[in-house]
S.K.: 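Dumping the structure here so I can ask a few things about it.
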Number of protein chains: 2
Amino acid sequence: MAKKDYSCENCLNDPNSIFSVLSDEEREYLLKYHSCVHHRKGSIIYSEGDKPTGLLYLTNGKVKIFKEGIGGRDQIVRLAKPLGFIGYRALFADENYSASAVALEESDICNLERNVLFSVLGNNSALSFKLMQSMAQELGLSNTRTVSLTQKHIRGRLAESLFFLINTYGFDVDQQTIKVYLSREDIANLSNMTTSNAIRTLSMFASEGVIKLNGRKIEVLDLAQLKRISEMG
Amino acid sequence: MAKKDYSCENCLNDPNSIFSVLSDEEREYLLKYHSCVHHRKGSIIYSEGDKPTGLLYLTNGKVKIFKEGIGGRDQIVRLAKPLGFIGYRALFADENYSASAVALEESDICNLERNVLFSVLGNNSALSFKLMQSMAQELGLSNTRTVSLTQKHIRGRLAESLFFLINTYGFDVDQQTIKVYLSREDIANLSNMTTSNAIRTLSMFASEGVIKLNGRKIEVLDLAQLKRISEMG
DNA sequence: ATATTTGTATGTTTTATAACATAATGCCGA
DNA sequence: TCGGCATTATGTTATAAAACATACAAATAT
């Protein structure tokens, strides 16, 4: 699955990343003890129960993080995009992974070694604070999602999931094609419904003119109406 | 609702609390800028949308944190017990409160001022790390809960909620009476079901000999069976 | 080129649970 | 102590969504 390790030079240098709060020395130190792996589409990055060895940093590609539920029914809890972390929750909680991560497309992932990272965190409270902040935001999303997934009806849940995809990955240049290509099953696992119902409800949205389907490609034709469906429950 | 402010001397001194990692100076500093409030049963501590002014620390009592859902149907996202924090998520995410907090019984709550706390956090990376750790654990719980609440059937959800209460508040000296007295509505709001169904399903458990009901008092007679029900879905 | 698997699509049946209706009970203030 | 209101209780009905069944298309392997 994963190609051989390699060390990339630039992964911590992006000015938009959380690592901008590092001193040059700290960045050097982290870089020295990191390794990168390429994952192809469908490749398992880690599985529920595995022990984290470091902080994973997605530099390229898309990744789904999901928990296995009753009767093997998965629930996608998060979708990662480049310059985002993966597997940080388990690392900081000092637990084994409580979810699995799989590449949705070709992805590059850097591993920052646990002890090295922790020693930097011990000296750099700004980095700790930044991480805490993003975890707090994530927790907010998770709680909101719990309420939506349990209380909204199927159309509302699907509409909300489409917004989730838009917010995470955005649109193509045409400003209406959602920039991620998920299987109907993944869409179902994101929206807490069966694959059948995801397919059926997507078809309904299409026949209502809210979206246009073309294989896995989803074009949003009426964003305002989609919002209305999402909010109606 | 809330009685007049007062300053307590001991709230940061407990050796079991997260504040054990503070230096004496830091503790002094935090104490100087804190105030405590007494809340009586049912009193609102904060509401969804309010702006946090500091970190709230529950020294005495029990508090429910809940989000308002579709059609005013609440979902309890967390239950706090003494020496636990309240409202930290919004504070650290730099957002307004995304949930409301209400005292379930007479409670004492200390408010550590935002700026004072943040300046301590800036110097004490151990405290940042501890907070990050508890937030990571909380996020894990939240994700697990999402899957249970969406995928388990009504009996499984209720059984899991009873375990949640046991894990949070424990048993009385008799080792079987759950040490918290919630209304049927609160139990329903914890378990993602209607009040009717909470009542009905509790009755079923009682008639099966798994629990014994006496008003709001719940005695667990067969913990193993309750676990089985929770895990069966 | 053909077989096999995987994903997509849609119709039908079944079931869990919400919604509704109506009592009974307990609690609090007048 | 009484009346009123909230909580608890339980039976009935309605309905949303899962489960099931089947078909077809597309991708992949043989």
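So that the names make sense, note that chain A is the first sequence line, chain B the second, and so on, each numbered from 1. Being a predicted model, the structure only gives us computed values, none of them experimental.
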S.K.: What's the CD-P distance between A:Gln151 and D:dA17, to the nearest Å?
M.R.: 13 Å

S.K.: Nearest-Å distance, CD1 (A:Ile187) to P (C:dG7)?
M.R.: 13 Å

S.K.: Starting at CD1 of A:Ile70 and ending at P of C:dA16, how long is that distance when rounded to a whole Å?
M.R.: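 Checked: the CD1 to P distance equals 15 Å.
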
S.K.: Could you check how far CG of A:Leu202 sits from P of D:dA17, rounded to whole Å?
M.R.: 15 Å

S.K.: State, to 0.1 Å, how close A:Arg73 and A:Met193 come at their nearest heavy-atom pair, and which atoms those are.
M.R.: NH2-N, 3.9 Å

S.K.: Which of the following nucleotides, C:dT8, D:dA19, D:dA9, is nearest to the side chain of B:Ile199?
M.R.: D:dA9

S.K.: Anything under 3.5 Å between a donor and an acceptor, one on a side chain of residues 86-94 of chain B, the other on a protein residue two or more places apart or in another chain? List them.
M.R.:
residue	atom	partner	partner atom	Å
B:Arg89	NH1	A:Ala136	O	2.8
B:Arg89	NH1	B:Glu95	OE1	3.2
B:Arg89	NH2	B:Glu95	OE1	2.9
B:Arg89	NH2	B:Ser98	OG	3.2

S.K.: CG of A:Asn189 versus P of C:dG7: gap in Å, rounded?
M.R.: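 So the two atoms are 12 Å apart, to the nearest Å.
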
S.K.: Can you tell me if A:Asn197 touches the phosphate of D:dA17, counting only side-chain N or O atoms and a distance under 4.0 Å to OP1 or OP2?
M.R.: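 For D:dA17, neither OP1 nor OP2 has a side-chain N or O of A:Asn197 closer than 4.0 Å.
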
S.K.: Counting only side-chain N and O atoms of A:Ser203, is one of them less than 4.0 Å from OP1 or OP2 of C:dA9?
M.R.: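 Negative; the distance criterion is not met.
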
S.K.: Can you tell me if the side-chain N/O atoms of A:Ser196 get under 4.0 Å from OP1 or OP2 in D:dA19?
M.R.: no

S.K.: Report the nucleotide, chosen from D:dA17, D:dT8, C:dA18, that has the shortest atom-to-atom distance to any side-chain atom of B:Arg157.
M.R.: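 For B:Arg157, the side-chain atoms sit closest to C:dA18.
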
S.K.: With a cut-off of less than 4.0 Å, is there a side-chain N or O of A:Arg216 near OP1 or OP2 of C:dT8?
M.R.: yes

S.K.: With sugar-phosphate meaning primed atoms plus P, OP1 and OP2, does A:Asn192 contact a base, only sugar-phosphate, or nothing at under 4.0 Å between heavy atoms?
M.R.: sugar-phosphate

S.K.: Compare the minimum distances between each of D:dT10, D:dA18, C:dT17 and the side chain of A:Ile154, then state the nucleotide with the smallest one.
M.R.: D:dA18

S.K.: Atom CD of B:Glu185 and atom C1' of D:dA9: how far apart are they, to the nearest Å?
M.R.: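 Those two atoms, CD and C1', are 15 Å apart.
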
S.K.: How would you label the contact of B:Thr195 with the nucleic acid (heavy atoms, under 4.0 Å): base, sugar-phosphate, or nothing?
M.R.: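 Nothing, no nucleic acid heavy atom in range.
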
S.K.: Check the distance between C:dG26's C1' and B:Leu213's CG and give it to me in whole angstrom.
M.R.: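 Between C1' of C:dG26 and CG of B:Leu213: 16 Å.
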
S.K.: For B:Arg200, answer base if it contacts any base atom (sugar-phosphate contacts may also be present), sugar-phosphate if it contacts only those atoms, and nothing otherwise; contact means non-hydrogen atoms under 4.0 Å.
M.R.: base

S.K.: I want to verify a distance call: between C:dT8, C:dA18, D:dT10, whose nearest atom is closest to the A:Ser183 side chain?
M.R.: C:dT8

S.K.: Does the B:Arg157 side chain pair with the main chain of B:Lys152, one donor and one acceptor, at a distance under 3.5 Å?
M.R.: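 It does hold such a pair.
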
S.K.: Write down the distance between NZ (A:Lys152) and P (D:dA17), rounded to a whole number of angstrom.
M.R.: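 Going from NZ in A:Lys152 over to P in D:dA17 covers 13 Å.
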
S.K.: Which residue in the set B:Lys41, B:Lys179, B:Lys81, B:Lys62 passes salt bridge (Lys or Arg N to Asp or Glu O under 4.0 Å) when paired with B:Glu105?
M.R.: B:Lys62

S.K.: Which of these passes side-chain contact (heavy atoms from CB on, under 4.5 Å) with A:Phe205: A:Asp222, A:Ile229, A:Val220?
M.R.: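 Option passing the side-chain contact (heavy atoms from CB on, under 4.5 Å) with A:Phe205: A:Ile229.
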
